[in-house]
Each structure stands twice: as structure tokens, then as C-alpha cells.
K.L.:
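For reference, the structure I am asking about is given below.
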Amino acid sequence: MAIWGSAALLLLLPLVAMQFTNEVNWDEADFIVFGAMLLAACGTYELAARMTDNSAYRAAVGVAVAAAFILVWMNLAVGIIGNEDNPANLMYGGVLAVGIIGAVIARFQPQGMARALMTTALAQALVGVIALAMGSVEAFVLTAFFAALWLTSARLFRKAAREQVPADAAP
């Protein structure tokens, strides 16, 4: 309930801000996209939370979902490399694709998820190096931040894998 309530409050923030400043000027499409993103993020986390009681696994999913959410939102809102219209920003979609494909291949099992998130961090770092070569130091720094989030999630998945009870040891 706290997750969904927080999402509803986040969705209302721009509406409230629009009452007090002209700096925030959202239209219907902005609210629909943001709402869909919140629905996907919260739904993904809730599904993972229902799959396991392992707190490390839940935290790993939370970090990964938050990183993906912020990465997509930043790219849609202002762009990371240059502005939102710069085609170089499409590389970040590739980073997310690496993570999603890796998760599916891993069948969402913690050890495989740790590998998938490490690979995602590597893809993120590669985008950062490309951004730096393009002269975007800011994008490089932001990319390093996201790579750190992917690595944090990978570490939590590794912890979840160590805590996992083997099937033959279950009572």
C-alpha cells in the first residue's frame, strides 16, 4: 500500500506545482506517460515482492526498478546526452534492454540476476565512455551514478543467492 500511495503522491506533485509556478507545465500526455511509468515500476516491484520473502532480493529489485525509472524519466524529460532529442540518448534504451533480456535469461533467479545486473552496469559504463568521447562530462558522471546503482542491485542479488535455501534442504 505504501508503494502505491507514494506513486499516487508523485503523480500529484506536478499538478500541485502547476498551481504555484509556470516552470512546471505538464499536459495530459505527460501525466499519462508518468502514470504508466509509475504503474510499471510499482507493478514490477510488487510482483517481485510477492515472489519471495528474501529481503535482499526485494531490495535488489527496488534498486534496479528505481534506477530504470529515473533513467527513463531523465531521458524523456531533458535527455542525458545533450537534450531529449539527441539520438545518442537511445543508447540508454540499449542499457535497459541488456538488463531486461538478462533477467529473462536468468529466469529471475538471484544468481543469474546478479550476472544480468553486472552486465547492465558494464553496458552503462560503455555508454558513459562513449558520452565522454562525445565531450559530455555531465553524461559521463550521470552514467557512472547509474552504473553504481546497477552494481548495487547486482550485489544485493548475489546476497539473495547466498541466502537462498537449496531445494533439497527445504523442510
Side-chain angles (χ1 to χ4, degrees), residues 1-52 57-106 108 113 116-117 119-121 123-128 130-132 134-153 156-157:
M1 195 65 167
I3 298 290
W4 292 102
S6 298
L9 285 175
L10 277 175
L11 190 57
L12 288 175
L13 279 177
L15 183 63
V16 171
M18 286 171 43
Q19 307 309 310
F20 298 101
T21 180
N22 292 331
E23 297 294 320
V24 179
N25 188 20
W26 283 27
D27 61 13
E28 188 177 289
D30 293 323
F31 282 101
I32 290 170
V33 169
F34 194 57
M37 288 177 58
L38 287 168
L39 181 67
C42 293
T44 300
Y45 181 78
E46 186 169 325
L47 181 63
R50 289 176 187 239
M51 286 176 39
T52 183
Y57 190 97
R58 287 179 174 191
V61 170
V63 171
V65 166
F69 182 89
I70 295 166
L71 184 65
V72 169
W73 187 248
M74 284 180 73
N75 242 341
L76 289 175
V78 295
I80 296 175
I81 301 172
N83 63 27
E84 67 272 12
D85 296 326
N86 189 334
N89 284 309
L90 293 174
M91 291 187 290
Y92 293 104
V95 170
L96 294 176
V98 166
I100 292 167
I101 292 168
V104 170
I105 291 170
F108 305 101
M113 291 296 289
L117 271 293
T119 306
T120 304
Q124 186 81 60
L126 179 60
V127 170
I130 293 168
L132 188 60
M134 294 172 65
S136 181
V137 175
E138 299 86 3
F140 177 76
V141 171
L142 274 172
T143 298
F145 168 74
F146 284 108
L149 289 175
W150 301 128
L151 289 172
T152 299
S153 181
L156 287 165
F157 275 121

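Keep in mind that what you see is a predicted model, and the values were worked out from it rather than measured. Side chains included, hydrogens not; waters and symmetry mates left out as well; all remaining heavy atoms used.
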K.L.:
Identify the heavy atoms of L15 and Q19 that sit nearest to each other, and give their distance.
P.N.:
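In this case the closest contact between L15 and Q19 is O-NE2, 3.1 Å.
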K.L.:
What closest approach, in Å, do A121 and W150 show between heavy atoms, and which atom pair accounts for it?
P.N.:
CB-CB, 3.7 Å
K.L.:
Report the distance from atom OG1 of T120 to atom CE of M113, rounding to the nearest 0.5 Å.
P.N.:
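Answer for the OG1-CE pair, T120 versus M113, is 8.5 Å.
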K.L.:
List the atom of F146, the atom of A67, and the distance in Å for their closest heavy-atom pair.
P.N.:
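Closest pair (atom of F146, atom of A67, distance): CE2-O, 3.5 Å.
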K.L.:
Is the backbone of A139 close enough, under 3.5 Å, to the side chain of T143 for a donor and an acceptor to pair up by distance?
P.N.:
yes
K.L.:
Go through it in stages, so that I can follow the logic: the residues are M74 and L142, the test is side chain to side chain contact (heavy atoms under 4.5 Å, CB included), and I'd like the CA-CA distance, side-chain angles, deciding distance and then a yes or no.
P.N.:
CA-CA 10 Å; M74 284 180 73; L142 274 172; 3.4 Å; yes
K.L.:
Is there a side-chain contact between V137 and L132 (heavy atoms, below 4.5 Å)?
P.N.:
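Answer yes - side chains close enough.
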K.L.:
For a side chain to side chain contact (heavy atoms under 4.5 Å, CB included) check, start with the C-alpha distance between L151 and L117, then their side-chain angles and the critical distance, and finish with the verdict.
P.N.:
CA-CA 7 Å; L151 289 172; L117 271 293; over 6 Å; no
K.L.:
What distance do F108 atom CZ and F157 atom CZ have between them, rounded to the nearest 0.5 Å?
P.N.:
9.5 Å
K.L.:
Indicate the atoms forming the closest heavy-atom contact of C42 with A7, along with that distance.
P.N.:
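For C42 versus A7, the nearest heavy atoms are SG-CB, 3.6 Å.
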K.L.:
State, to 0.1 Å, how close A49 and R58 come at their nearest heavy-atom pair, and which atoms those are.
P.N.:
O-NH2, 2.7 Å
K.L.:
Between the main-chain N or O of I81 and the side-chain N or O of N86, is there a donor-acceptor pair closer than 3.5 Å?
P.N.:
yes
K.L.:
Walk me through it: do Q124 and L71 pass the test side chain to side chain contact (heavy atoms under 4.5 Å, CB included)?
P.N.:
CA-CA 11 Å; Q124 186 81 60; L71 184 65; 3.9 Å; yes
K.L.:
Are any non-hydrogen side-chain atoms of V61 and M51 less than 4.5 angstrom apart?
P.N.:
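With C-beta onward as the side chain, the pair stays apart.
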K.L.:
If only atom types and distance count, is the side chain of N89 paired as donor or acceptor with the main-chain N or O of E84 below 3.5 Å?
P.N.:
no
K.L.:
Quick one: are L39 and W4 in side-chain contact, heavy atoms under 4.5 Å?
P.N.:
yes
K.L.:
How long is the gap from OG1 on T44 to CD1 on I3, to the nearest 0.5 Å?
P.N.:
11.5 Å
K.L.:
Has N25 got a side-chain atom pairing as donor or acceptor with M18's backbone, closer than 3.5 angstrom?
P.N.:
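No; zero donor-acceptor contacts below 3.5 Å.
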K.L.:
Could you give the distance from CD1 (I101) to CG (L96), rounded to the nearest 0.5 Å?
P.N.:
11.0 Å
K.L.:
Considering non-hydrogen atoms only, spot the tightest contact between L11 and F31 and give its length.
P.N.:
O-CE2, 3.6 Å
K.L.:
Answer yes or no: is there a side-chain heavy-atom contact under 4.5 Å between L13 and L10?
P.N.:
yes
K.L.:
Check whether any side-chain heavy atom of I130 sits under 4.5 Å from a side-chain heavy atom of M91, and report yes or no.
P.N.:
yes
K.L.:
Indicate the ring-plane relationship of W73 and W26, choosing parallel, tilted or perpendicular according to the 30° and 60° boundaries.
P.N.:
tilted
